[in-house]
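From a predicted model like this one, the values you see are computed outputs, not experimental measurements. Numbers restart at 1 for each chain; the letters A, B, ... are given by sequence-line order, proteins then strands.
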Protein chains: 2
Amino acid sequence: MPKKTFFNLPDNKREKLIESAEEEFSRVPLSQASIANIVKAAGIPRGSFYQYFENKEDAFYYLLEAQTNKRKEFFIISLQKNNGDILAAIEDLFCLMLKELGEEDNLNFLKNALMNVTHEIEDVFTKIFTIKDSGKSSLIEIRNMIDKEKLNISDEKEFFHIMQILTSVTFRNLVDKYSRDISDEEALENFMIEMNLLRKGLSK
Amino acid sequence: MPKKTFFNLPDNKREKLIESAEEEFSRVPLSQASIANIVKAAGIPRGSFYQYFENKEDAFYYLLEAQTNKRKEFFIISLQKNNGDILAAIEDLFCLMLKELGEEDNLNFLKNALMNVTHEIEDVFTKIFTIKDSGKSSLIEIRNMIDKEKLNISDEKEFFHIMQILTSVTFRNLVDKYSRDISDEEALENFMIEMNLLRKGLSK
DNA sequence: ATAATAAGTGACACAATGTCATAAGTCAAT
DNA sequence: ATTGACTTATGACATTGTGTCACTTATTAT
């Protein structure tokens with residue numbers, strides 16, 4: 001987490017810093033990103049950066065988490081629309097991310113994150129499915145929104161593992177799209193094939 | 001790939017270099033590994049390293065690939081034992097890797113690789129399932145060893161996606177074991193739950 | 001006004017990377 | 001044996017990057 005000085009910053013300065021960091025993390029993956037570039041673009045001295053963040057990673061994960069939170073809202077709405085059908089909701093989320101990744105130029109950020117998914121990064125994304133902090137400290141358990149009757153499970157433990165499987169597969173498909181430079185259509189087709197295999201089971 | 005000078009090296013020198021590199025990649029993940037440490041341990045000048053490898057990554061992937069090839073043999077045997085049942089064979093492979101990871105000290109190498117899986121690393125591991133170069137240039141297609149009758153698929157394309165799903169899930173389980181520091185027993189139990197869910201399908 | 005606390009600053013020490021000019025070694029042909 | 005073409009070895013160097021620290025400046029409380 002950023003240090004408290006970061007949150008004490010005047011809005012415009014903080015925003016400029018965020019913007020500069022996003023720019024750098026959009027340019028190259030985390031490992032190649034340079035603090036020098038960030039502070040230069042933000043017009044602050046090097047020492048200040050360390051006043052606000054522990055290090056490069058701290059800044060990166062803060063930004064990634066912020067972006068992910070936006071996607072949570074979409075996911076919740078989609079889950080409601082689909083009457084608690086988790087597989088359908090995840091399909092919607094996959095489409096959203098395809099769309100996002102095609103659109104804005106500065107969303108190379110997401111691309112760079114996907115191309116270097118480590119378990120830490122995957123964990124951040126996975127938070128979409130756990131707990132939602134919607135505005136006024138009201139916590140909604142997404143777990144409870146999911147219609148478990150639609151799933152082929154006998155206990156709560158199996159439900160957890162279904163979520164694990166779904167995230168692994170969804171991720172892998174997103175990563176593939178970029179590492180293999182596949183068209184949106186093809187990526188979606190691949191993903192749907194896999195989702196259907198998951199639905200019906202791999203074994204005869 | 002290493003440069004040709006690397007392969008021209010006298011055996012003992014090459015082996016010492018390999019050993020030193022493995023040591024360094026066992027100490028820390030790729031991003032933190034230092035060429036300085038490798039050349040120091042191998043007793044060669046810095047410039048020589050670049051005579052043999054393009055860079056750090058080149059050396060890392062070369063070593064990773066070498067290790068992975070060893071696991072291929074095991075996988076093939078296991079696939080035969082299980083009469084082409086791919087899910088059963090993958091379960092065996094998972095057990096093998098758990099065992100390997102528990103045993104030798106220098107197999108922190110594998111651990112460091114797993115904790116920082118990117119699509120490149122996943123791709124190297126995935127090669128286990130594609131083509132096997134067994135000793136005398138005889139190529140065996142693993143694909144053909146798999147009994148597709150046991151799978152719930154209608155075409156070759158779906159078969160490919162089943163492999164995708166299985167690798168994603170297997171990986172995720174291995175990574176989890178180390179990122180969450182789970183016991184072998186628990187890791188295996190989790191993995192088996194997911195494999196069974198995959199078998200029977202997620203949806204009612 | 002003064003003290004205390006927080007924030008800002010940039011030079012610095014240190015470590016890492018990849019390159020390059022030069023030295024040393026190998027080997028076949030004369 | 002000598003030459004010369006080619007391959008390999010070497011380590012100093014330029015460059016870039018990280019995180020720290022002593023010191024300055026601003027802000028807030030008393």
For this session: Please assess B:Lys16 against B:Glu19 for the test salt bridge (charged side-chain N to carboxylate O under 4.0 Å, His left out), listing each intermediate value before the final yes or no.
Result: CA-CA 5 Å; B:Lys16 188 162 184 191; B:Glu19 208 176 309; over 6 Å; no

At 4.0 Å (heavy atoms only), tell me whether B:Phe53 reaches a base, stays on the sugar-phosphate, or touches nothing. nothing

B:Ser34 has its side chain closest, among C:dA16, C:dA7, C:dT19, to C:dA16

* **Validation row, ring centre B:Phe109 to ring centre B:Phe60 under 6.0 Å** => yes

Picking from C:dT17, D:dG19, D:dA9, the nucleotide nearest the side-chain atoms of B:Lys56 would be C:dT17

Rounded to whole Å, CG of B:Leu9 lies from P of C:dG25 at a distance of 16 Å

Of the candidates C:dA7, D:dG17, D:dG19, the side chain of A:Gln51 sits closest to C:dA7

Among D:dT8, C:dA7, C:dG10, the one nearest any side-chain atom of A:Pro45 is C:dG10

Contact class for B:Ser48 vs. all strands (heavy atom < 4.0 Å): base, sugar-phosphate, or nothing? base

* If you look at every strand shown and take non-hydrogen atoms under 4.0 Å, does B:Phe6 touch a base, only sugar-phosphate, or nothing? -> nothing

Counting only side-chain nitrogens and oxygens, does B:Tyr50 get under 4.0 Å of the OP1 or OP2 atom of D:dT10? no

Open item on the list: At less than 4.0 Å, is any side-chain N or O atom of B:Arg46 found next to OP1 or OP2 of C:dT17? Yes or no.
Closed with: yes

Practice prompt. Could you tell me whether A:Asp184 and A:Lys99 make a salt bridge, using a distance below 4.0 angstrom between a side-chain N and a carboxylate O?
Written response: no

Would you say C:dG8 has OP1 or OP2 under 4.0 Å from some side-chain N or O of A:Lys13?
yes

When rounded to whole Å, the CD to C1' distance for the pair B:Glu54 and C:dT19 reads 13 Å

Quick one: do A:Glu91 and A:Asn82 satisfy side chain to side chain donor-acceptor pair (under 3.5 Å)? Show the steps, please.
CA-CA 11 Å; A:Glu91 283 161 18; A:Asn82 288 292; over 6 Å; no

To the nearest angstrom, the CG-C1' distance between B:Leu30 and C:dT17 comes to 14 Å

Rounded to whole Å, CZ of B:Phe49 lies from C1' of C:dT19 at a distance of 15 Å

B:Asn8 atom CG is separated from D:dC6 atom C1', nearest whole Å, by 13 Å

Separation of D:dG17 atom C1' from A:Asn37 atom CG, nearest Å, is 10 Å

From NZ of B:Lys4 across to P of D:dC6 the rounded distance in Å is 12 Å

Test salt bridge (charged side-chain N to carboxylate O under 4.0 Å, His left out), reference A:Lys127, set A:Glu65, A:Glu122, A:Glu120, output is A:Glu65

Atom CD1 of B:Ile44 and atom P of C:dG18 are separated, to the nearest Å, by 14 Å

